[in-house]
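Working notes for the structure below.
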There are 4 protein chains.
Amino acid sequence: MLNRVILVGRLTRDPDLRYTPNGVAVANFNIAVNRPFTDANGERTADFINGVVWRRQAENLANYMKKGSLIGVDGRLQTRTYEGQDGKTVYVTEVVADSIQFLESKSSQSNQSNHTQSNNNQGYGNQGNSNPGFDNQEQYAGAYEGTNMGGQGEPIDISDDDLPF
Amino acid sequence: MLNRVILVGRLTRDPDLRYTPNGVAVANFNIAVNRPFTDANGERTADFINGVVWRRQAENLANYMKKGSLIGVDGRLQTRTYEGQDGKTVYVTEVVADSIQFLESKSSQSNQSNHTQSNNNQGYGNQGNSNPGFDNQEQYAGAYEGTNMGGQGEPIDISDDDLPF
Amino acid sequence: MLNRVILVGRLTRDPDLRYTPNGVAVANFNIAVNRPFTDANGERTADFINGVVWRRQAENLANYMKKGSLIGVDGRLQTRTYEGQDGKTVYVTEVVADSIQFLESKSSQSNQSNHTQSNNNQGYGNQGNSNPGFDNQEQYAGAYEGTNMGGQGEPIDISDDDLPF
Amino acid sequence: MLNRVILVGRLTRDPDLRYTPNGVAVANFNIAVNRPFTDANGERTADFINGVVWRRQAENLANYMKKGSLIGVDGRLQTRTYEGQDGKTVYVTEVVADSIQFLESKSSQSNQSNHTQSNNNQGYGNQGNSNPGFDNQEQYAGAYEGTNMGGQGEPIDISDDDLPF
DNA sequence: TTTT
DNA sequence: TTTT
């Protein structure tokens, strides 16, 4: 059934990249999407939305985006439940991203310190081919991702083919 | 910021219509949106998504749709928190509908009993004018709503103006 | 870049199914999407939007939907130009469907004559396997398609696996 | 009926701001939306999509965005026809924007000359109140618009209330 | 348990 | 705490 979510927002923390036992990359993230209106107290508010993305796009997200980065997300809304530490069922609603567009590169962001390695994706030698044979149409969605390493303060869309992996 | 959700799904229960202290109608609902694929066990699964809709559309939803009805939803994704009965913070993600399209009328549904009044919207004398001066553009979104009282088993889109209130 | 279109509308004519020289199925269609408001003369109007869909979904669309059928479309907006018969450039904007949801089956529609074969998809012996090895993720999108051969006047979502090809 | 389009792209020319005889602002624009894949020749291609936006957002678009600016668009797909100079009917498909998000301000763009007044919105004394009483919910959509006059090369979302008109 |  |  029709199920489509499109968001533009800022990462509220660095993406959390992990690998399944089978070596498939998956990144969890949370973005703040500012509301177009102020609340009763005249404060601007935001919605804080959880998302998940898989495979190469997960790795790209973790490698190029960090807390504060602006991204566009095109995906589906999914729900799941799990048992909380207190034994109660917890209900989760999150966006499973089909594609993520980088609207602002790390290097175009101001408070660039880089002495802290906030990137939580270090040293998995098998990243490059953790997803062999990923040559179907879904790949194209992956190419939504753009990035920009030049720091000229401007988002650029580049193809997956141009990314360094 | 861009925040858009579009869903087609079936109500998992009758819509829950209430009124704010100021007399503004608001309906909560939950829809099952079938996933386009089967899970690991070959089972078709669904996402169960909560939604909210306001004013006239809330009343229309409660009046014309019920558990099992198929609807289309166009809205925004919002998050909020509240304190659970155990004092813990509960996180809620739900769709705030800008417009709802009725894709199947009550009368076109099969197990039509109608001896049970499952409709939980009875006898609020102020419904009709609970939203005076609602004559702005947002009204047009309201007109997304279609309904169909003839029971010919076919969705019809009609304007708010054609609805009996 | 983000590019997403979601529509619900009725086919203004039977889908036009063709095959590329390589045997890939492609269906062109046009849907009327009713506007949520009336025009200056109080008339309800519609937008008439062209769409294209590929492969198995093209065949399903042609096989199960016809003029008047209600469908949901999730896709991308694309533009192209061609040279008209008068030598002038013609600009085309159309939706390339990633997935199509059948919201009303042929059999649930009223003026069912069936003595005319309005279906323009006849006798291509190779349909069934015109797309061998179509077993990637894009397939799941295909499973958005539902159909309903029972004629009980109600849309049903079934998996591609349940379709007779 | 459901009709939703979401795009992120760059203006291919300066927005064209005009006023109706009644003094209502309307801006036409065209954006290039890069496709996520390369064509048969390995070239990256784009779709060139026409859009329209009304009232305050039209004025904001013309005042703050120019050729090359990156914007997000949330709207509806509409079609219309007109008679061409050769007497033939021309079919137009365009996006009517409900809201536009500024993802890059003029000042954050590099080739900033500003000695040419590319802004085609000059001196209409009635702009400020061309839309009296525009204080309904649709206004909030207007607040999607962000801009950024500081030139720090970073998109900012601000409320309509913060805009200098 | 929040971004700018 | 789930629809068909």
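Residue numbers start from 1 in every chain, and the chains themselves are labelled A, B, ... in the order their sequence lines are given, proteins ahead of strands. Here the structure is a predicted model, which means the values were calculated and not measured. Values below: every heavy atom of this structure, side chains too, minus hydrogens, waters and symmetry copies.
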Quick one: [X] [atom1] to [N] [atom2], roughly how many Å, whole number?
{"X": "A:Glu83", "N": "F:dT1", "atom1": "CD", "atom2": "P", "result": "14 Å"}
{"X": "B:Asn50", "N": "F:dT1", "atom1": "CG", "atom2": "P", "result": "12 Å"}
{"X": "B:Leu2", "N": "E:dT4", "atom1": "CG", "atom2": "C1'", "result": "16 Å"}
{"X": "B:Tyr91", "N": "E:dT1", "atom1": "OH", "atom2": "C1'", "result": "4 Å"}
{"X": "B:Ile71", "N": "F:dT3", "atom1": "CD1", "atom2": "P", "result": "15 Å"}
{"X": "B:Leu70", "N": "F:dT3", "atom1": "CG", "atom2": "P", "result": "15 Å"}
{"X": "A:Lys67", "N": "E:dT2", "atom1": "NZ", "atom2": "C1'", "result": "8 Å"}
{"X": "A:Ile49", "N": "E:dT3", "atom1": "CD1", "atom2": "C1'", "result": "12 Å"}

Residue pair B:Ala46 / B:Ala32: nearest heavy atoms and the distance that separates them: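 Scanning both residues completely, I find the closest heavy atoms to be CB-CB, 4.3 Å.
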Distance-minimising heavy-atom pair for B:Thr12 and B:Phe48: CG2-CD2, 3.8 Å
Would you mind telling me which of [options] lies closest to the side-chain atoms of [X]?
{"X": "A:Asn30", "options": "E:dT2, E:dT3, F:dT3", "answer": "E:dT2"}
{"X": "B:Phe48", "options": "F:dT3, F:dT1, E:dT1", "answer": "F:dT3"}
{"X": "B:Asn34", "options": "E:dT1, F:dT1, F:dT3", "answer": "F:dT3"}

If only atom types and distance count, is the side chain of A:Gln101 paired as donor or acceptor with the main-chain N or O of C:Leu2 below 3.5 Å? yes
Interatomic distance, A:Leu77 atom CG to A:Arg4 atom CZ [nearest 0.5 angstrom]: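 Answer rounded to 0.5 Å: 11.0 Å.
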